[in-house]
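Reminder, nothing fancy here: chain letters follow the sequence lines and each chain counts from 1.
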Amino acid sequence: MLAWYDVHARVLPWRSPPGTPPPEPYRVWLSEVMLQQTTVATVAPRFAAFLARWPTVEALAAADDADVMREWAGLGYYARARNMLAAARAVVAAGGFPREAAGLRALPGVGDYTAAAVAAIAFGERALVLDGNVERVVARLAAVDAPLPAARTRLRAALDPQTPADRPGDFAQAMMDLGATVCTPRAPRCDLCPLAQGCVAHALGRETDFPVKAAKRERPVRDGLAWWLEVDGAVLLVRRPAKGLLGGMPALPSDGWRGEPGEPPCPAPWREAARVTHGFTHFELRLRVLAATLPVRPALAGEWWPVARLADAGLPTLFARAADAVLAARRAPCLGLEP
DNA sequence: AAGCCGTGGTA
DNA sequence: TTACCAAGGCT
């Protein structure tokens, strides 16, 4: 694997070339958090922006919470951003990053995978780095037919003897690169794989039968309302509760999205201005946006944000799309919804 | 343990 | 179009 990695390693902004000293722990940790359930292509430019704005863990620890959430807007899984900031502050308070997986694992937002990845890549610890890519590679190598995630213990047992004491960080990244570029979920390129000789799934001609995954539940549809309240060119934004869906993010006022229309933030001549559908992990939302304009600002909690600068508000994608839909309908009313 | 938690790309 | 999936973690 290491010889393969020396030739085929992907060049990524948070990575140093094979066999060279690792990047600072801060960069490794930051990239690993951003990469949780998020593609390399999505992360690359956002990682650069974060690093430019907060070049060190000390700088990030000193950042304003709202600035961090705004910088994270659109990346999803917003608990990552809240945990990341808490972890940065814990690291600075402790005088630096823990140098072992066990200590890293105690940081908020750092689970088994991320702790092992940072320990291996940044500190050279022989930790077992098991992410979705490595799960797929190992499940095929050993033809593990037990369904994930329960089979993770078996995959870990199969990975352990393969993980070297020398260059464990490069080994981990090699396995992930192999999973991302060769041992892909669909149409794996076994002709390019350095492990094909010893791969049981390949020998069986059943590569794509592994890993086996537990059946997932179907995604229900929920209906919800949001309100676009505008006064003098500014729209009312509220801050969502710190925990839960889109936690800590700015938002349009909205109801509980449980199908029973909630109460608007204030009396106003509400009219339906847009509809958007948005897929979350565990449900699909059909959101109706009701809009009204008032002559004076009512006394409401929240922030009046200039519509012309709404792109800078750091809205999560759902509300950014809702806002776009409202403004698009305003520009082309004949194409919009009926009154 | 299993549900909760975003978003964008791909076939 | 739908379905799957991406360097998972928390409760």
Side-chain angles (χ1 to χ4, degrees), chain A residues 9-10 12-15 27-47 69 72-84 86-87 104-122 127-137 147-150 152-153 169-181 183-187 208 211 213-222 240-249 251 257 276-285 287 314-321:
Chain A
R10 287 180 290 176
L12 301 172
W14 45 83
R15 178 183 276 189
R27 297 185 182 218
V28 177
W29 163 74
L30 178 61
S31 67
E32 292 300 341
V33 171
M34 298 186 86
L35 285 162
Q36 289 167 5
Q37 296 291 284
T38 308
T39 59
V40 164
T42 297
V43 168
R46 307 299 298 268
F47 173 80
M69 300 312 286
W72 196 274
L75 276 172
Y77 287 137
Y78 297 98
R80 289 186 295 169
R82 302 191 302 271
N83 288 331
M84 178 184 69
L104 291 160
R105 179 67 177 79
L107 294 172
V110 176
D112 289 337
Y113 162 74
T114 303
V118 175
I121 296 169
L128 298 187
V129 178
L130 189 63
D131 78 324
N133 287 305
V134 183
E135 283 177 0
R136 184 170 58 254
V137 172
L148 286 172
R152 209 163 273 154
T153 302
D170 281 355
F171 174 78
Q173 295 177 96
M175 291 289 281
M176 292 191 279
D177 278 17
L178 188 72
T181 64
C183 194
T184 51
R186 295 175 281 227
T208 56
K213 299 203 171 182
K216 50 190 64 171
R217 297 192 321 169
E218 65 175 302
R219 249 180 9 170
V221 176
R222 292 192 202 165
R240 290 179 65 84
K243 295 186 177 182
L245 190 72
L246 307 177
M249 298 302 288
W257 303 345
V276 296
T277 64
H278 190 76
F280 290 98
T281 308
H282 53 296
F283 69 96
E284 174 155 346
L285 176 66
L287 185 71
L315 291 173
T317 298
L318 164 66
F319 292 109
R321 294 212 299 131

Task: Whether A:Arg219 side chain and A:Gly279 backbone form a donor-acceptor pair below 3.5 Å - done: no

Open item on the list: If you take any heavy atom closer than 4.0 Å to DNA chain B, which residues from residues 108-119 of chain A end up in contact?
Closed with: none

Task: Integer angstrom distance from the P of C:dG9 to that of B:dG8 - done: 22 Å

TODO: Might you point out which heavy atoms bring A:Pro45 and A:Ala41 nearest each other, and give the distance in Å?
DONE: CD-O, 3.4 Å

TODO: Scan side-chain atoms only and decide if A:Arg15 and A:Ser31 contain a donor-acceptor pair under the 3.5 Å cut-off.
DONE: no

Task: Separation of C:dG8 P from A:Leu30 CG (nearest whole Å) - done: 15 Å

Open item on the list: I'd like to know if the side chain of A:Arg46 and the backbone of A:Met34 have a donor-acceptor N/O pair within less than 3.5 Å.
Closed with: no

Open item on the list: Just the rounded figure in Å: distance from P of C:dT2 to CD of A:Glu218.
Closed with: 14 Å

- [ ] Taking the six-membered ring of A:Phe283 (Phe, Tyr or Trp), confirm whether the NZ or CZ of A:Arg222 is under 6.0 Å from its centre and within 45° of its axis.
- [x] yes

Task: Separation of C:dC10 C1' from A:Lys243 NZ (nearest whole Å) - done: 9 Å

- [ ] Select base, sugar-phosphate, or nothing to describe what A:Arg46 touches, counting heavy atoms under 4.0 Å on all strands.
- [x] nothing

TODO: Assess whether side-chain contact (heavy atoms from CB on, under 4.5 Å) is satisfied between A:Trp72 and A:Tyr77, documenting all intermediate values.
DONE: CA-CA 9 Å; A:Trp72 196 274; A:Tyr77 287 137; 5.6 Å; no

Open item on the list: I'd like the C1' distance from C:dA7 over to B:dG3, given in whole Å.
Closed with: 23 Å

Open item on the list: On a heavy-atom basis, which atom in A:Val110 and which in A:Leu104 lie closest, and how many Å separate them?
Closed with: CG1-O, 3.2 Å

Task: Rounded distance in Å between the C1' positions of C:dA6 and B:dG6 - done: 12 Å

Open item on the list: Closer than 3.5 angstrom, by distance alone: can the side chain of A:Arg80 be matched with the main-chain N or O of A:Gly109 as a donor-acceptor pair?
Closed with: no

Open item on the list: Rounding to an integer number of Å, can you tell me how far A:Glu135 CD sits from C:dC5 C1'?
Closed with: 13 Å

Open item on the list: Base contacts versus sugar-phosphate-only contacts with protein, heavy atoms under 4.0 Å: please encode nucleotides 3-11 of chain B as B, S and - from 5' to 3'.
Closed with: SSBBBS---

Open item on the list: Can you measure A:Lys216 atom NZ to C:dA6 atom C1' for me and round it to whole angstrom units?
Closed with: 11 Å

Task: Length of the line joining A:Arg27:CZ and C:dA7:C1', which is rounded to integer Å - done: 18 Å

Open item on the list: Categorize A:Trp29 for me: base, sugar-phosphate, or nothing, with a 4.0 angstrom heavy-atom threshold over every strand shown.
Closed with: nothing

Task: Interatomic distance where CZ belongs to A:Arg10 and P belongs to C:dA7 [whole Å] - done: 7 Å

- [ ] Taking the six-membered ring of A:Trp29 (Phe, Tyr or Trp), confirm whether the NZ or CZ of A:Arg105 is under 6.0 Å from its centre and within 45° of its axis.
- [x] no

TODO: Indicate, with a heavy-atom threshold strictly under 4.0 Å, whether A:Leu12 touches base, sugar-phosphate, or nothing.
DONE: base

Task: Side chain A:Asp177, main chain A:Arg10, donor-acceptor under 3.5 Å - done: yes

- [ ] Rounded off to whole Å, could you give me the CE-to-C1' distance for the A:Met175 and C:dA6 pair?
- [x] 17 Å

- [ ] Would you mind telling me which residue lines up with the more 5' stretch of DNA chain C, A:Glu32 or A:Asn83, judged by nearest nucleotide?
- [x] A:Glu32

